[in-house]
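Keep in mind the model is a prediction, meaning the values are calculated, not measured. A note on names: the letters A, B, ... follow the listed sequences, proteins ahead of strands, and every chain is numbered from 1.
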Amino acid sequence: MHIPDGLLSIPVIVITYAITIAGIAYAVRKLRNLPEEKIPLLGLFAAGIFAAQMVNFPIIGGVSGHLLGATLVAITLGPYAAVIVMTAVLLIQTLLFGDGGITAIGANILNMGLIGAFIGYGIYTKLKGISETFAMSFAAWLSVVLGATLASLEIGLSHSIPFFKVLTLMIAYHSIIGIGEAILTVMIVHAVRAKLPSIEGVPA
Amino acid sequence: MRMIFKGLIIIAVVLAVVLPLASSNPDGLEATMEKVGLEEKPTYNAPLDYGETWGQSVVMGLLGIGLTFAVCYALAKLARGA
């Protein structure tokens with residue numbers, strides 16, 4: 001879901017950069033008291049998300065998708081750490097590997113990072129009283145569908161395109177890709193909690 | 001730190017094992033762009049790519065894993081100092 005260069009208009013580029021910079025600045029302020037010994041853990045998760053995003057899984061109709069991971073990281077390390085992790089992943093992908101455009105990096109960090117870190121995490125905390133697994137799955141799924149919706153809006157506001165068609169296709173594909181996100185999120189969070197019980201208690 | 005190193009090794013091994021299973025089909029956004037005739041206009045050429053063969057992809061994956069770890073570590077360190 002990396003938006004390439006040439007798809008966003010100047011106003012959309014400016015607005016998405018501004019929102020993303022504000023989101024990162026907020027997360028940075030909240031992490032002022034991040035314990036020194038937790039820092040490598042953020043790096044480890046960023047490395048893991050980078051690797052996971054290299055592996056697209058097929059869905060229907062010759063289309064594929066990959067893990068976003070922001071909700072996964074937010075559930076394990078908290079939303080502010082997730083913002084930093086996703087920013088690092090997207091910077092490397094965009095600047096070194098050509099995933100997504102340099103003009104779209106604000107939009108891409110917003111769609112694939114901030115949404116999952118804040119909204120995905122918010123939904124998870126609201127629902128985890130019902131069932132931990134349900135809360136994780138639904139939050140992860142919704143973060144993908146919301147990210148796709150936002151990407152459609154950003155592209156729709158930039159171009160005279162059949163907006164409704166773009167929105168419908170994006171939501172259709174990503175509601176299936178989101179199932180993969182939900183499954184991977186539940187599996188990985190459970191595996192991490194089993195292997196690293198001490199991970200609990202990272203300040204949110 | 002040993003735990004982190006172990007984690008990085010696990011990530012690298014899992015990546016190497018599952019890479020051959022990765023789909024090269026267009027992703028949801030690319031498929032949508034094709035259907036409505038939207039095209040990208042590159043304004044920046046990234047210096048690296050993900051490689052074609054399994055071996056190349058594993059090497060690029062290891063490089064990406066290392067670089068992402070380093071950048072995230074640096075960002076978190078900066079955030080802590082900010």
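With a 4.5 Å cut-off on non-hydrogen atoms, A:Ile92 touches chain B through its side chain but not through its backbone. For A:Ser152, no part lies under 4.5 angstrom from a heavy atom of chain B. Both the backbone and the side chain of A:Ile84 have a heavy atom closer than 4.5 Å to some heavy atom of chain B. Proximity to chain B (any heavy atom under 4.5 Å) is restricted, for A:Phe57, to the backbone atoms N, CA, C and O. The part of A:His2 that comes within reach of chain B is its backbone (N, CA, C, O), which places non-hydrogen atoms under 4.5 angstrom from that chain. Of the atoms belonging to A:Ile49, not a single heavy atom falls under 4.5 Å from chain B. Both the backbone and the side chain of B:Met60 come within less than 4.5 Å of a heavy atom of chain A. Contact annotation for A:Ala151: neither backbone nor side-chain heavy atoms come within less than 4.5 Å of a heavy atom of chain B. Looking at A:Ile102, only its side chain comes within 4.5 Å of chain B, counting heavy atoms on both sides. With a threshold of 4.5 angstrom between heavy atoms, B:Glu39 approaches chain A through N, CA, C or O but not through any side-chain atom.
Nearest approach of A:Met170 to B:Gly28, heavy atoms of both residues: SD-O, 4.0 Å. Shown here for A:Gly98 and B:Ala46, the closest heavy-atom pair between the two residues is N-CB, 3.1 Å.
Looking only at side-chain heavy atoms (C-beta outward), A:Leu95 and B:Tyr44 come within less than 4.5 Å of each other. The closest side-chain heavy-atom distance from A:Leu7 to B:Met33 is below 4.5 Å. Put simply, the side chain of A:Leu31 does not reach to within 4.5 Å of the side chain of B:Arg80, judged on heavy atoms. A:Glu36 places a side-chain heavy atom less than 4.5 Å from the side chain of B:Lys77. Looking at heavy atoms from C-beta onward, A:Leu96 lies in side-chain contact with B:Leu67 at the 4.5 angstrom threshold. By the 4.5 Å heavy-atom criterion applied to side chains, A:Pro40 and B:Tyr73 are counted as neighbours. A 4.5 Å side-chain heavy-atom check between B:Leu38 and A:Ile155 finds at least one atom pair inside the cut-off.
Side-chain contact, B:Thr43 with A:Asp5: a donor N or O sits under 3.5 Å from an acceptor N or O.
Taking chain A as the reference chain and counting heavy-atom pairs below 4.5 Å, the highest number among B:Ile11, B:Thr32, B:Val14 is found for B:Thr32. Contact count versus chain A (heavy atoms, under 4.5 Å) is highest, among B:Leu19, B:Leu8, B:Val36, B:Asn25, for B:Asn25. Interface remark: of the candidates A:Ile161, A:Ile3, A:Val55, A:Val55 forms the most heavy-atom pairs closer than 4.5 Å to chain B. Ranking B:Ile10, B:Leu63, B:Leu75, B:Leu21 against chain A, the residue ahead of the rest is B:Leu75, based on heavy-atom pairs under 4.5 Å. Heavy-atom pairs under 4.5 Å with chain B were tallied for A:Gly43, A:Gly48, A:Ala52; the largest tally goes to A:Gly43. For the options B:Pro26, B:Ala31, B:Gly7, heavy-atom pairs under 4.5 Å to chain A are most numerous at B:Pro26.
Note that CD1 of A:Ile177 is 6.5 Å distant from CG of B:Asp27, once rounded to the nearest 0.5 Å. To the nearest 0.5 angstrom, B:Lys41 atom NZ is 10.0 Å from A:Thr103 atom OG1. To the nearest 0.5 Å, atoms OH (A:Tyr173) and NZ (B:Lys35) are separated by 3.0 Å.
Classification of the A:Phe50-B:Tyr50 ring pair by plane angle, with boundaries at 30° and 60°, yields tilted.
No side-chain donor-acceptor contact under 3.5 Å links B:Ser23 to the backbone of A:Asn56.
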Yes or no on side-chain contact (heavy atoms from CB on, under 4.5 Å) for B:Met3 and A:Leu41, after CA distance, side-chain angles and deciding distance? CA-CA 9 Å; B:Met3 176 191 87; A:Leu41 216 46; 3.6 Å; yes
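Counting non-hydrogen atoms of other residues, nucleotides and ligands closer than 6.0 Å to CZ of A:Phe134 gives a total above 12.
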